[in-house]
Amino acid sequence: MDFQLTDDQRALRAGVRELLAGRFPRERLREAVDRARVVDRGLWRELGAAGFFSLRMPEDAGGAGLGTAEAVLVFEEAGRVLLPGPLVATHLAAGHVEGAAEGEAVVAVAEPGVGGTAMVEYLAQADALLVGTEEGVRLRVLAADAADVADAASAAAQWAVRPVRSVDPLTPLHRVAVGEAGALGPTGGGPIAGVLGLPVGRFRREATLLTAAEQCGSAARTVEMAVEYAGVRHQFGQAIGTFQAVKHLCADMLVRAEMGRTAVYAAAVTGDPQEAAAAKLLADEAAVRNARDCLQVFGGMGFTWEADVHLHLKRAWVRVERFMGAREAEEALAAGLS
Amino acid sequence: MDFQLTDDQRALRAGVRELLAGRFPRERLREAVDRARVVDRGLWRELGAAGFFSLRMPEDAGGAGLGTAEAVLVFEEAGRVLLPGPLVATHLAAGHVEGAAEGEAVVAVAEPGVGGTAMVEYLAQADALLVGTEEGVRLRVLAADAADVADAASAAAQWAVRPVRSVDPLTPLHRVAVGEAGALGPTGGGPIAGVLGLPVGRFRREATLLTAAEQCGSAARTVEMAVEYAGVRHQFGQAIGTFQAVKHLCADMLVRAEMGRTAVYAAAVTGDPQEAAAAKLLADEAAVRNARDCLQVFGGMGFTWEADVHLHLKRAWVRVERFMGAREAEEALAAGLS
Amino acid sequence: MDLDCSEEEEAFRAGLRAWLGEVLPKLPPPPDPSDWPGRRAYDCAWQRMLYDAGYAGLHWPADAGGRGATPTQHLIFLEETERAGAPYVGANFVGLLHAGPTIAAEGTEEQRRRWLPPILRGEEVWCQGFSEPEAGSDLAALRTAAVRDGDAYVVTGSKIWTSHAEVADWCELLVRTDPRAPRHRGISWLAMRMDAPGVTVRPLRTVAGSEEFAEVFLDEVRVPVAHRVGEENDGWRVTMVTLSFERGTAFVGEVVACRRTLGHIAAAARANGRWHDPVLRRRLGRLAAEFSVLWRLTQWNVSEAQRSGPGAVPGPGGSVFKLRYSHARQELYEAAAEVLGGGALDADEEWTNARLSSLSYTIAAGTSQIQKNIVAERILGLPKGP
Amino acid sequence: MDLDCSEEEEAFRAGLRAWLGEVLPKLPPPPDPSDWPGRRAYDCAWQRMLYDAGYAGLHWPADAGGRGATPTQHLIFLEETERAGAPYVGANFVGLLHAGPTIAAEGTEEQRRRWLPPILRGEEVWCQGFSEPEAGSDLAALRTAAVRDGDAYVVTGSKIWTSHAEVADWCELLVRTDPRAPRHRGISWLAMRMDAPGVTVRPLRTVAGSEEFAEVFLDEVRVPVAHRVGEENDGWRVTMVTLSFERGTAFVGEVVACRRTLGHIAAAARANGRWHDPVLRRRLGRLAAEFSVLWRLTQWNVSEAQRSGPGAVPGPGGSVFKLRYSHARQELYEAAAEVLGGGALDADEEWTNARLSSLSYTIAAGTSQIQKNIVAERILGLPKGP
């Protein structure tokens, strides 16, 4: 047993952090927010070239032949810097949807939501859309390379698709109304472009875990932001970080971030579905609550658009709704108790 | 509108506090704990003589002709000093069960619990037992003046009654197994000594509210205890009350106690069942969490039998199980949302 | 303890209700939130209607042009206007609820004559220049400097979190007039015209994406000495005098609104099926208890204020309310988000915006951390930190 | 990152399992909790069995008579013994896990020869005299005084929270040898015989009603200078050296036990119908996540210790674990109480006692408040308070 990062894993993490610092520094984040440039095709290709999407593909297929443990490290880094785009879907589609591995294709994914509707991320920007069905065990590529996936999806499946103003400025959303609750997408008919060679259970588990990894990156980043601000902001003649109330907020944040990270790493190593559920549960909580506590530490400054805190909170909210929610996770974990 | 204590109410509260300080000072509490003197007949009569039980009976029936608002003030004081005995049941039985008003009779009450069993307080000490049935709208006195209510109840109703070692040293308990879940006590047969002239709905509402009042008294007392200790206990060269972490624990305690108290007073004034549910919910939380926070402030000293903190916590646990629990209260409140 | 209104109070309520029933249907539609001049005009027209009907400055003392109403009447006013869906105080907030009462309490006869009637009639709008980027929770750290130059102060600095700055005529301004005095001593209270040379307003975008607040930059703005209320360097006391002026009524409308919103959330949950989830249902039941009791606590605090009269030291109720309400409001919109599910990500959902805005409640007007210090030290008497 | 055991580790596990399967069925029934001599005898007999089988002092260095096992082997040992229901370390806790390692690290050759073998063989029992009534979280405030008199110290004072004091042969004692030195400087570490004249033990009753701890009163107890470990006035450092000795393994058995208990709680809920309540069910699911991850965090911390070797500065994992585990344990037994309903009021219910005992977890060995200070200052680097 050696449940610590290997040297290679540390190097990978450092490399990805450096890459993202160069390609997606804070100025670029704020620029993307201001100009609503949600998927930057150039950046997408750069990510592809850097192996972001093909990471786990076999080396003979052009990938890096790495595993889930490495993938979560990479997605953690993406979460830290709020890297936009349908990273999880495109990563999971690599090797299954043409162009995904190279960052040539942008791939979105639809999953069931409440009341027969689903929020689908990046639908209008996507080249391909993955649709999970409850009955099937496969994922279907509905409209690969369609010029306008949103229109195509709508027309083909007779879905009611409408864009919504997303709470997160970097995650555009469409609300998709589904005919039957729980069964997303057409069960028959419509132009099915292909079938993904990936069992739906594994797809969901990996998507859940990679999303949790992003949450952990964000949670770790907001701890750093809070600690840094608490060290420089002065009130009552001293740095606010000298006050126990602020100290304890920060300590609680660290605990959440570390628990979430441990859960994600463990689930990545074991591949256990229960551990993936635990990881999503704890990572969601860490990302959301840390962002809120960070905002509290920032005080009024945290309530401004100019601070990045709200971007972390809003993205965390988006990810909470993605794949496995608290109810599903807790019920799955309870079912595993004997 | 004048939602403040009247002068008479303030005087009543001061009078009860003085009475209890004289008749049931801390030394007597600790003596009762050490000797397991759970119902002191002498004290019971003194309480009766002071009008504790007959408070709300009409003046021409020997009562004080006061209302629920005054009753909750009195029960709050009882909760402060951890006065033992089936105060709520005996108070509600006054005027209905002989001797209850005067403190000559000790009256216990049984209500349904989980899995067809109920915890009944002071069964072996009681002269009379009130039994609520689900179908009926009345309360029945099963065995007034029986020498051994526990035995009588057991024999008469063919209940399985067994004493348990109570977590609260001053609240003896019997576990009573009930034939059908939800229907406590015999629906027919057995020596029914009488029928209480009090609708069961009103009885339950008032019992809930008086229990909540006791919880509030305990919650307020543990705030005082924590604050006092935080002012005298020194660590790291200063009173621990100078540390923000301790300050904020105490502030949170005060907020809970004041919210609970406000809820109880409001429910007492309006008689509204939803407000009684809210009062029990908030008072339970205030009593339990304040006792736990008080124990945390006391640190190791709070973990000793000699400190009174654990007595507050244990009694609060007992009262949480009595009448309306969180699930019932929250569901009732939700049902009231339109 | 009594929660019923007296005959006189009921008569007041009935009269108000009748009037509201008459005038509200005739109101024009409210302006777009981004239309500041339109909002000012709308709010001021409503204030003029209140003035003409005798409801302006309800809780102001009679000698300041108000009606000298009791706290209970003020509570009834706020409750009924909220229930009826009447316009909010809006642009007149600072004038009616802070600057005006401060002038009424501490101003000279001439200052009162000059400034109070236009506030009551909805003719002049005030904004507040207290907070600064480096003086938030620690307001007494403010650094905006006022240097005496003849019969004027020359003011330089910046203020933040100012509402309605774009359309205000006046700003109640806290400035440092003695930089060498102890923090709380060298502060003065000035009334500054917003169209004075050197005043620049820059809208401040919040996390909700809206621009309800502004920063106000002051570059050698001349403010006549005659526009100082109270003595020079006595501005801290002058300001604090008015802070207890609300006497428990500050959040009446909000609590009424939250209870209504909770009902709507429950209805939405019933409509979309989430109601069948006991975890959510109990969460909503818990919130029902919370807001029910917060409403009772409001009545408790108002009753206390009514009994003790103006100027009395308030009990713990106000701080308890503030701590608990700010948290409950956040919880309310978290529950709303759970009901909405993915729909909570739609920024056009009213509750989504309210969820974001609610984040300021544990920060603004004293963070919850500061509030707990106050409770612990001033109410519970714990020793101040080292 | 790797959670699988190596071949060598698996072989160790298999050997241990085989031995446990052989010896455990032959153990006599455990003594009554109130029978202190019986408990000592039972615990010491078990220790002797471990010794004879080569498992005594597994994680002690080889030159101290231990097996110099890796942290992972130690984790496997604790996991397997807990899973198999083997006896706890019990009366040998202080000797094996604190006093012994301290002597091993800081004692003279003679001291090591004198004290270590009887600990490993289960022949001598140690207790700990660190905390005092006025020195809890602030251990360095201890006041028990040791005055040099020839070749002995004369010790006077009192200690609290001492386990197994009634049956211990030795007490590792922190005393103040220089009252004028700065708090952490004037402390020394002594080994005191519990049968020395002047030692009085008084059982201390806890909120759970049991007497697991004692107060120890010291009235001019003579302790030979030769029984001091480390230099005079260097006792603080001597003690702290051993505090990181556990290297992440301190709660291995407890976490394994908690996970088993959670399963039993779920089974009880299924049996009595509470399982149908989604609020409770989800609460249990949440706890399953919590303890699953706490188990992984244990493995993380042990792996870190294994990599970095003895004496390295541990990462944040230990503090994170302590803060989260103490809370999770309390939550576990709150959930148990919810399952039991009224049955949770029965003091003979195992979970009711555990609920009470769990209250000490956020207090003992550094309150959660102190732990958070440590995390904030030492790990996050926030400035120390004024």
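Everything numeric in this text was worked out from a predicted model, so none of it was measured.
Using a 4.5 Å cut-off between heavy atoms, B:L313 contacts chain D through its side chain alone, with no backbone atom that close. Neither the backbone nor the side chain of B:L311 comes within less than 4.5 Å of any heavy atom in chain D. In this structure, chain D has a heavy atom under 4.5 Å from the side chain of B:L173, while its backbone stays farther away. Using a 4.5 Å cut-off between heavy atoms, D:A135 touches chain B through its backbone atoms (N, CA, C, O) alone. For a residue to count as touching a neighbouring chain, one of its non-hydrogen atoms must lie under 4.5 Å from one of that chain's; by this rule B:R322 does not touch chain D.
Between chain B and the options D:V279, D:D277, D:N373, heavy-atom pairs under 4.5 Å are most frequent for D:D277. Counting heavy-atom pairs closer than 4.5 Å to chain D, the top-ranked of the candidates B:M301, B:R292, B:Q244 is B:R292. Each of D:G273, D:S137, D:A141 has some count of heavy-atom pairs under 4.5 Å with chain B, and the biggest count is that of D:S137. The candidate with the highest count of non-hydrogen atom pairs below 4.5 Å against chain D, out of B:G302, B:A326, B:G299, B:G325, is B:G299.
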With ring-ring contact (aromatic ring centres under 6.0 Å, His included) as the test, would you mind laying out the steps for D:H164 and D:W126 before giving the verdict?
-> CA-CA 8 Å; D:H164 301 98; D:W126 287 67; over 10 Å; no
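Salt bridge absent: D:E331 and D:R286 never bring a charged side-chain N and a carboxylate O closer than 4.0 Å.
No hydrogens or angles considered: nothing links the side chains of B:Q296 and D:T367 as a donor-acceptor pair under 3.5 Å. For the residue pair D:E212 / D:T206, no side-chain donor-acceptor distance below 3.5 Å is found, with atom types taken as modelled.
Just one of D:E290, D:E254, D:Q330 meets the side chain to side chain donor-acceptor pair (under 3.5 Å) condition when paired with D:Y325; it is D:E254. Residue B:S218 forms a side chain to side chain donor-acceptor pair (under 3.5 Å) with just one option from B:H312, B:R80, B:R315, and that option is B:H312.
Taking each heavy atom of D:N353 and D:A208 in turn, the nearest pair found is OD1-O, 3.6 Å.
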